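One structure is given below, encoded as structure tokens.
Starting from 1, each residue takes its place in the sequence as its number. Please read these numbers as outputs of a predicted model, since none were measured by experiment. Just follow the structure's listing: the first ligand is 1, and inside any ligand the first atom is 1.
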Amino acid sequence: MPEDFVVTPWEVRGKVDYDRLVEQFGTQRIDAALLDRIRRHTGELHPLLKRGLYFSHRDLNWVLDEYEKGHPFTLYTGRGPSSAMHLGHMIPFFFTAWLQKHFRAKAWIEITDDEKFLFRDFDTLEDATRVGRDNILDVIAAGFDPKLTRIFLDTEYIHHLYPMAMNVAKRITFSTARAVFGFDASNNLGQIFYTALQSVPCFLESVEQGHNVPCLIPCGIDQDPHFRVTRDIAESLGFYKPALIHNKMMPGLKGLDSKMSSSAPDTAIFVTDTEQQARTKIRDAFTGGRATVEEQRRLGANPYICSVFAYYTYLFAPQDEHLAEVERTCKSGERLCGDCKAELADHVVAFLGNHQERRERAKDRVEEFVVRD
Ligand code: TYM
């Protein structure tokens with residue numbers, strides 16, 4: 001049966017059925033026992049974990065087994081600099097910074113200017129690199145510890161990546177790449193090779209330390225195909241398979257099956273948006289409201305199809321009591337969509353104000369985080 005949704009590293013379309021995706025991709029669900037196990041190390045659980053938005057993993061139990069035996073793990077995540085970052089792009093960075101804090105883990109962060117040049121319409125590679133440098137400010141602003149964090153742009157750090165990328169690339173056939181990514185004769189050579197460069201950072205800590213170090217990758221589930229390939233070849237290179245923890249894709253503002261798109265700015269809040277832009281986008285967002293106020297007061301609204309409620313759930317109601325109150329008053333009809341949007345807009349504007357301040361301060365801190373040589 002053809003799927004009514006698509007999830008690849010370069011395209012997410014339709015209303016994603018995450019249960020089916022776990023089956024298709026062959027990952028594991030994060031269950032209550034695993035949440036308890038994480039909680040033993042972190043105290044509180046991150047809201048994204050508690051709410052099932054980090055929902056899937058590969059080998060996370062093994063990473064914790066090793067950690068409990070005294071073998072720390074390294075974290076690895078990344079960003080493909082296509083434009084200013086939207087709130088969805090920030091999610092893995094907030095979560096990785098949280099993991100870093102609780103596990104005192106080193107984090108490697110790859111900025112793939114090469115990827116975005118190869119896959120998007122940048123006229124020049126320099127344009128992609130420039131966006132990459134700008135996105136680094138947002139990554140720093142997510143709260144990483146400079147002593148434990150290495151951020152690099154692929155084009156600047158390539159001399160550390162290339163020899164290992166050769167070893168990875170030699171082990172992946174075109175037929176595998178075609179089966180995993182759906183490439184055809186129209187793809188350029190760089191696109192076909194690119195997955196080697198996303199694989200290499202899984203092994204950088206092991207290379208640096210001279211012995212095998214477990215690597216945990218927090219990322220959106222859309223990035224999993226790259227690491228399925230990496231996991232297949234890791235052991236033949238003498239490394240552990242990287243482990244993963246996957247988040248769901250935060251929906252766009254036009255409904256739960258809408259996508260946040262850099263090319264359609266009103267579908268997402270970008271971290272560089274002005275207060276006015278953010279308020280207008282939220283005012284025009286899709287909700288689960290009724291046709292008239294009278295009907296909504298009488299019958300209540302539906303938060304489970306509502307983009308605005310999704311925004312509360314992902315980022316803007318970190319306290320469980322607050323989220324429960326939004327949900328309850330929405331369903332009962334006490335809360336009207338206009339008021340609910342205005343409240344969300346206040347939270348978003350406060351978030352953007354803080355983030356943009358941290359982003360400004362990050363301009364003086366780049367050298368603490370970015371590695372080149
Ligand atoms: P990119 O720039 O498309 O996305 C950056 C990270 O954000 C996740 N993401 C989302 N999460 C929640 N809701 C959304 N709507 C949403 N949209 C994107 C992505 O899954 C990703 O984790 N090729 C990568 C860059 C990369 C990378 C990595 C990512 C290089 N190495 C290692 C993760 C791990 C990319 O273009 O991501």
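- Below 4.0 Å from some heavy atom of T112 lie the following atoms of ligand 1, by number and element: 25 (C), 30 (C).
- Scanning the protein for heavy atoms near atom 24 (C) of ligand 1, the closest one is Q223 OE1, 3.3 Å.
- Remark: R79 is not positioned above the aromatic ring of F93, lacking an NZ or CZ atom under 6.0 angstrom from the ring centre and at most 45 degrees off the axis.
- The nearest heavy-atom contact from the protein to atom 17 (N) of ligand 1 is M249 CE, 3.5 Å.
- The single protein non-hydrogen atom nearest to atom 10 (C) of ligand 1 is G88 O, 3.3 Å, given as residue, atom name and distance.
- For atom 18 (C) of ligand 1, the closest non-hydrogen atom of the protein is H89 CD2, 3.5 Å.
- Distance alone, capped at 3.5 Å, places no donor-acceptor pair between the K116 side chain and the T129 backbone.
- Within the 4.0 Å heavy-atom criterion, neither part of I221 lies near ligand 1.
- Assignment of F227 to the shell around ligand 1 is supported, since a heavy atom sits closer than 4.0 Å.
- To the nearest 0.5 Å, atoms OG (S199) and CG (L161) are separated by 11.0 Å.
- The closest side-chain heavy-atom distance from D59 to R231 is below 4.5 Å.
- Taking atom 35 (C) of ligand 1 as the reference point, the nearest protein heavy-atom neighbour is G80 N, 3.5 Å.
- Nearest protein heavy-atom contact of atom 8 (C) of ligand 1 is P92 CG, 3.7 Å.
- Side-chain contact between K15 and F5: absent, with no pair of heavy atoms (C-beta onward) separated by less than 4.5 Å.
- With respect to atom 13 (N) of ligand 1, the closest heavy atom belonging to the protein is M250 N, 2.7 Å.
- Among D273, T274, D346, the single residue meeting the side-chain hydrogen bond (donor to acceptor under 3.5 Å, both in side chains) criterion with R279 is D346.
- At least one side-chain heavy atom of F227 sits less than 4.5 Å from a side-chain heavy atom of Q198.
- Here's the thing with H226: none of its N/O atoms is less than 3.5 angstrom from an N/O atom of ligand 1.
- For the pair R328 and E325, the salt-bridge criterion is met [side-chain N within less than 4.0 Å of a carboxylate O].
- Of all the heavy atoms in A128 and F122, the pair that sits closest is CB-CD1, 3.6 Å.
- For atom 30 (C) of ligand 1, the closest non-hydrogen atom on the protein side is E110 OE1, 3.2 Å.
- Using bins of under 30°, 30° to 60° and over 60° for the plane-to-plane angle, the ring pair W10/H226 lands in the perpendicular bin.
- A heavy-atom separation below 4.0 Å is found between K116 and ligand 1.
- For ligand 1, the atoms sitting less than 4.0 Å from at least one non-hydrogen atom of N247 are 11 (N), 12 (C), numbered in the order shown with element in parentheses.
- With respect to the salt-bridge test (charged N to carboxylate O, under 4.0 angstrom), the residues R13 and D257 do not qualify.
- Ligand-side atoms of ligand 1 in range of I217: 34 (C), range being under 4.0 angstrom from any heavy atom.
- Of the candidates M90, E115, H86, K259, the one placing a heavy atom closest to atom 36 (O) of ligand 1 is E115.
- Note: no N/O pair closer than 3.5 Å links T77 and ligand 1 by distance alone.
- Numbered from 1 in the order shown, with element, the atoms of ligand 1 that lie under 4.0 Å from a heavy atom of G220 read 19 (C), 20 (O), 22 (O).
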